[in-house]
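The structure appears right after this line, and notes come after that.
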Protein chains: 2
Amino acid sequence: MHDYRTDNITPLSQRRDRCQGCGLRNICFGILHHAPEADMLERLICRRGPLPAGTVLFEAGEPLERLCVIRVGAARRERAERCEDDNQRVIGFSLPGEVMGLDALYEQRHPTNAVLLQNSYVCELPFQSLQGLAAQVPQLWHQLLRLSGDAVHQNKRTRLAMSQQSAEGRLAHGLLDLAHRMARRGMSAETIDLPMPRQELGNQLGLAPNTTSRAFRYLGEQGWIMADGRQIRLLDVPALADLANWSEPTPTVRSA
Amino acid sequence: MHDYRTDNITPLSQRRDRCQGCGLRNICFGILHHAPEADMLERLICRRGPLPAGTVLFEAGEPLERLCVIRVGAARRERAERCEDDNQRVIGFSLPGEVMGLDALYEQRHPTNAVLLQNSYVCELPFQSLQGLAAQVPQLWHQLLRLSGDAVHQNKRTRLAMSQQSAEGRLAHGLLDLAHRMARRGMSAETIDLPMPRQELGNQLGLAPNTTSRAFRYLGEQGWIMADGRQIRLLDVPALADLANWSEPTPTVRSA
DNA sequence: CGTACTATTGATGTAGATCAACAAAGGTGG
DNA sequence: CCACCTTTGTTGATCTACATCAATAGTACG
């Protein structure tokens, strides 16, 4: 594993395809689309890729220097300490378009590792520069706070599901969560391409590998989902939502 | 249950005891202590109390109008929908000094109810006004983002504990979490006065009432804690931390 | 063609939910 | 003051969901 920071940097001068699948739209969620400040933000962003699976974006304890958004790919967030059981470390996953690094603000250093699950393209944004820009565009602060606040809420809900649901319910919750988050970014909510092995998904849901397998089988047998390898099709979202005690607009319903 | 907004409002003109156990210090965490802007923030804050236990501070779906900080007391956060099992609704607890409402930013409306567990004193801060002040003191945005980001991380950790730990481990985690959060606000980390019934704490940890009781007994028998009613003394924090797979500075170690 | 890694399936044991009874504490009204 | 009820906590007995152990494929990759 080598330091990825030195390779695959696309010089800014060569890339002016703003908002074209890059992190800009994701970070700003449309706020700056047509503002002149969008250009300024654009200039602060640094794109990197392709980076191979396994690349460490940042490690726990590292000082927060930049926010990071995956353009294409996915990452796993994990605790720093090696546990006896190596599988008990996954804290969560980061999908394309989701801002990574906000949870580092409290201590000014990253609380977890971030490791790429697939070959990925990422955007980076020095936090210092962002602060500078935000001083001129206060809405940017508001936007970051929105994203962060949402993450709080989502995590609370998932925590509730984890502590109280059956294995099948957890899996349903996990799948709906992924679909929900992908739908937000304009990706298909019906067909999920799991960026991680099934077992790792199960593990993050607190399930043993074989329990995960059985839960997948169960959902398939009920006709709620169609699973083919890592391709998961959600056939009956309402049923899944019911099973998972999901209590918000289901993934197919786009939120504003 | 009546609308609490109309009673027990202390006119601002009568209260100039700034930073004296009020939410100001809590929200600003010392940032504005000596700045002239502290006065401005001070003027925006509205204190209320005493409010009786059971008071609904806000309900899910309500638009976000103000942030709220408990000065004395505690609150329970719960889902809006009535489940078959009424106990499966607790999302979390809010302790004195913790900002409530940031999770409402994404949708601009509160995702959960907030109900007082005890007779409490609270501070309120209209979000509009806060935005105005933050425009002049950008550090305030940063501070809010810090708090929110920290909440994200804490919730992720708890989620991990919930999904993978034994009953005793969960309880240990829950107690350490409370102690940790109280210690941050300068309260004792050794002796916890549970603001909620034990069973409700257990419930939030995904434990049945009788399992909660047994877990308490176990921790007591090991000599890790001394429990007398709602008074819990943490006798062996390292042991608890080990059991809970706690992986951060233990409550007695004050973080900067 | 072997060595990982990932997934499936069966057999077994156990942690904890559930059911049920009871005890202690706090409130309320007579 | 005491009878009464509600809330909260404890303890035992049973039952089940899931972890665990173990074996076997299927795939990918060197």
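Letters A, B, ... are given to chains in the order of the sequence lines, protein chains preceding strands, and every chain is numbered from 1.
- Rounding to whole angstrom units, CE of residue A:M162 and C1' of D:dA17 are separated by 16 Å.
- Atom pair A:F216:CZ and C:dT6:C1' shows a separation of 12 Å (rounding to whole Å applied).
- Atom CG of B:L57 sits about 8.5 Å away from atom OG of B:S94, to the nearest 0.5 Å.
- Exactly one of A:R184, A:K156, A:R181, A:R157 qualifies for a salt bridge (Lys or Arg N to Asp or Glu O under 4.0 Å) with A:D150. That residue is A:R184.
- Computed from coordinates, the A:R230 CZ to D:dG26 P distance equals 19 Å when rounded to whole Å.
- The structure places CE of B:M100 at 9.5 Å from NE2 of B:H110, a figure rounded to the nearest 0.5 Å.
- Checking D:dG9, C:dT6, C:dT9 against the side-chain heavy atoms of B:R198 singles out D:dG9 as nearest.
- Between A:D228 atom CG and C:dT8 atom C1' there is a gap of 15 Å when expressed in whole angstrom units.
- For A:L171 and C:dA7, the CG to P distance is 12 Å, given to the nearest whole Å.
- One can place CE of A:M196 at 16 Å from C1' of C:dA7, the figure rounded to the nearest angstrom.
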Discussion item. What verdict does the side chain to side chain contact (heavy atoms under 4.5 Å, CB included) test give for A:Q204 and B:R159, after you've listed the backbone C-alpha separation in whole Å, the side-chain angles of each residue and the deciding distance to 0.1 Å?
Written reply: CA-CA 9 Å; A:Q204 197 248 345; B:R159 191 183 69 190; 2.5 Å; yes
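- Under the 30°/60° scheme for interplanar angles, the aromatic rings of B:W246 and B:H173 are found to be tilted.
- Shown here for B:D193 and B:Q231, the closest heavy-atom pair between the two residues is OD2-NE2, 3.2 Å.
- The backbone N or O of A:G229 sits less than 3.5 Å from a side-chain atom of A:R198, completing a donor-acceptor pair.
- Note that the two end axes of the helix from C:dC1-D:dG30 to C:dG30-D:dC1 enclose an angle of 40°, each drawn from 5 base pairs, rounded to 10 degrees.
- Within a 6.0 Å radius of CZ in B:R233, other residues, nucleotides and ligands contribute 12 heavy atoms or fewer.
- We find that OH of B:Y218 is positioned 19 Å from C1' of D:dT10, with the value rounded to whole Å.
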For nucleotides 26-28 of chain C, tabulate all protein N/O to nucleotide N/O atom pairs closer than 3.5 Å, reporting atom names and distance.
none

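- Distance A:Q231 CD to C:dA7 P: 14 Å, rounded to the nearest Å.
- Scanning both residues, A:S163 and B:R170, for their nearest heavy atoms gives O-NH1, 3.6 Å.
- Comparing D:dT10, D:dT8, C:dT6 by their nearest atom to the side chain of A:P197 picks out C:dT6.
- A:R76 has a carboxylate O that lies under 4.0 Å from a charged side-chain N of A:E78, or vice versa, which qualifies the two as a salt bridge.
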Pull out every protein N or O sitting under 3.5 Å from an N or O of nucleotides 13-17 of chain C, one pair per line with the distance.
unit_1: C:dG16; atom_1: OP1; unit_2: B:A167; atom_2: N; d: 2.6
unit_1: C:dA17; atom_1: OP1; unit_2: B:G206; atom_2: O; d: 3.2
unit_1: C:dA17; atom_1: OP2; unit_2: B:A208; atom_2: N; d: 3.4
unit_1: C:dA17; atom_1: OP2; unit_2: B:T211; atom_2: OG1; d: 2.3

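- For B:E200 against B:M196, the heavy-atom pair with the smallest separation is CB-CG, 4.0 Å.
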